[in-house]
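Report on the following structure.
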Amino acid sequence: MKIGIVAIQGDYGAHAKALDRIGVEHAYVRRPDDLAGVTGVILPGGESTTHLKVMTEEGLFDALKQFAAKDGAFFGTCAGAILLAREVHRPAQASLGLLDISILRNGYGRQLASDVHSGTSKLAKEPLEMVFIRAPIIESVGAGVDVLAEDAGHPVLVQQGRVLASTFHPELTQDTTVHEYFLKMANGRT
Ligand code: GLN
C-alpha cells in the first residue's frame, strides 16, 4: 500500500517520518499525476488558504475530489481537516466537502494558539498526546460522522467512512496510533 502526502506547504515531512516509523511506503503529492497507485491521501497541517490556492492552480483540488469518488481514503490534520470539511467559518472558504462537519478556523483565538493536551480516544486504551497549533474547532458533525476523540467538549478526531480528520497533530508526536488507524481504514479494515 502506498500513501500520498500532499506536499505543498506545512508539516508534510513530519507525516512522512510517522509513516517511516511504521514502515509504510509513501509519496509526495503535488500534481494530479502523483496520485497514481495511491490508496490514501494525507492532507497535512499548515495554512489551509495556501493549500487551497496551490491545489486549485495545480488541478489537485478536482483530482482529489475524483480520488474520493473512486473510494480513495483521506486523513486531514488541522489545516487538512479544514480542507475536508463540508463548511468552513471565519472566514468562509472553499473546501473539498468530503466530511460532514462544520469547522471554525483558528477556533482558540490567537493568544491561546498552541497547546498540548492528553486525552482518551476510541482508538486505544492509552491516552493520545494532542498537539494543537492554531487549531480549528469542529462546531458540528453530521449524523454519519463518528467522533473518535473529544477535547474540552469539542470533537477533535472524527471519521466518516473513508475520511479521517483531527484538529490536533499526531504526526508531531512519537505515538503512531492515529496513523496506524488511518492505514487500517485505507486498507478497508475499519
Ligand atoms: N490556522 C490554520 C488554518 O486556518 C491551521 C493551523 C494548522 O494546520 N496547524 O489553515
Side-chain angles (χ1 to χ4, degrees), residues 1-48 51 54-55 58 60 63-84 96 98-99 114 116-133 135 145-149 151 155-190:
M1 177 168 65
K2 186 163 83 173
I3 297 298
I5 305 171
V6 172
I8 291 171
Q9 180 266 347
D11 77 336
Y12 54 87
H15 280 285
K17 284 190 186 133
L19 293 182
D20 284 340
R21 283 200 286 280
I22 22 184
V24 177
E25 195 189 341
H26 53 81
Y28 285 148
V29 174
R30 296 189 171 101
R31 280 164 211 91
D33 287 356
D34 299 331
L35 290 169
V38 159
T39 307
V41 166
I42 293 179
L43 299 166
E47 209 45 56
S48 56
H51 284 139
V54 179
M55 272 165 49
E58 297 294 330
L60 196 55
L64 287 171
K65 284 196 146 191
Q66 284 160 22
F67 180 77
K70 287 190 207 137
D71 222 21
F74 285 86
F75 175 25
T77 57
C78 204
I82 296 169
L83 292 169
L84 289 169
L96 292 162
L98 301 175
L99 179 60
S114 305
V116 182
H117 295 179
S118 173
T120 53
S121 77
K122 290 186 183 171
L123 270 44
K125 283 200 196 81
E126 300 74 31
L128 291 177
E129 189 183 349
M130 299 171 177
V131 181
F132 294 94
I133 304 171
V145 177
D146 195 7
V147 176
L148 300 174
D151 180 72
V156 292
L157 178 64
V158 295
Q159 177 186 1
Q160 182 178 22
R162 289 172 64 70
V163 181
L164 180 69
S166 64
T167 58
F168 60 96
H169 292 270
E171 73 282 11
L172 297 181
T173 71
Q174 294 301 307
D175 185 351
T176 51
T177 303
V178 184
H179 285 81
E180 284 174 57
Y181 184 81
F182 170 58
L183 296 173
K184 267 196 237 160
M185 205 187 91
N187 247 331
R189 285 190 279 125
T190 185

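What's counted below: heavy atoms across the whole structure, side chains too, no hydrogens, waters or symmetry copies. The chain is numbered in sequence order, starting from 1.
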query: If you take all heavy atoms of Thr39 and Phe67, which pair is closest and at what distance?
result: O-CZ, 3.6 Å
- request: Can you see which heavy atom on Thr177 is nearest to which on Ala124, and at what distance?
  value: CG2-CB, 4.0 Å
message: Counting only heavy atoms from other residues, nucleotides and ligands, does the tally under 6.0 Å from NZ of Lys17 exceed 12?
response: no
task: Please lay out, stage by stage, how Phe74 and Leu99 fare under the test side-chain contact (heavy atoms from CB on, under 4.5 Å).
output: CA-CA 10 Å; Phe74 285 86; Leu99 179 60; over 6 Å; no
His51 (side chain) donor-acceptor with Gln9 (main chain) under 3.5 angstrom: yes
message: Could you check, using the six-membered ring where one of them is a Trp, whether Tyr181 and Phe75 have ring centers closer than 6.0 angstrom?
response: no
task: Supply the atom-to-atom distance Glu25 CD to Met1 CE, rounded to the nearest 0.5 angstrom.
output: 10.0 Å
Gap separating the CE atom of Met55 from the NZ atom of Lys65, nearest 0.5 angstrom: 10.0 Å
message: Assess the residue pair Val41 and Val6 against the criterion (side-chain contact (heavy atoms from CB on, under 4.5 Å)); give the C-alpha distance rounded to whole Å, side-chain angles, the decisive distance to 0.1 Å, and a yes or no.
response: CA-CA 7 Å; Val41 166; Val6 172; 3.8 Å; yes
Main-chain N/O of Gly45 paired to Thr77 side chain as donor or acceptor, under 3.5 Å: yes
field: Gap separating the CG atom of Leu60 from the CG atom of Asp33, nearest 0.5 angstrom
entry: 10.5 Å
field: Contacts of type side-chain contact (heavy atoms from CB on, under 4.5 Å), residue Asp11, not counting sequence neighbours
entry: Ala14, His15, Pro44, His169, Glu171, Leu172
task: Scan Glu180, Met185, Lys184 and name whichever one has a side-chain contact (heavy atoms from CB on, under 4.5 Å) with Phe182.
output: Met185
- prompt: So how far is it from Leu164 CG to Leu43 CG, rounded to the nearest 0.5 Å?
  reply: 11.0 Å
- request: Give the minimum heavy-atom separation between Met130 and Ala149, together with the two atoms involved.
  value: CE-CB, 4.0 Å
message: Measuring only between side-chain heavy atoms, which start at C-beta, is Leu157 closer than 4.5 Å to Val178?
response: yes
Heavy-atom closest pair, residues Ala81 and Ala165: CB-CB, 3.8 Å
message: Please find the pair of heavy atoms, one from Pro170 and one from His179, that lie closest to each other, and give the distance.
response: C-CE1, 4.1 Å
- prompt: So how far is it from Asp34 CG to Tyr28 OH, rounded to the nearest 0.5 Å?
  reply: 12.5 Å
task: Indicate the atoms forming the closest heavy-atom contact of Thr176 with Ala18, along with that distance.
output: CG2-O, 4.1 Å
message: Run the side-chain contact (heavy atoms from CB on, under 4.5 Å) test against Val147 and tell me which residues pass, sequence neighbours left out.
response: Val141, Glu150, Pro155, Val158
query: Do the side-chain N and O atoms of Thr173 and Asp175 include a donor-acceptor pair separated by under 3.5 angstrom?
result: no
query: How many angstroms lie between OG1 in Thr167 and CD1 in Ile133, if you round to the nearest 0.5 Å?
result: 11.5 Å
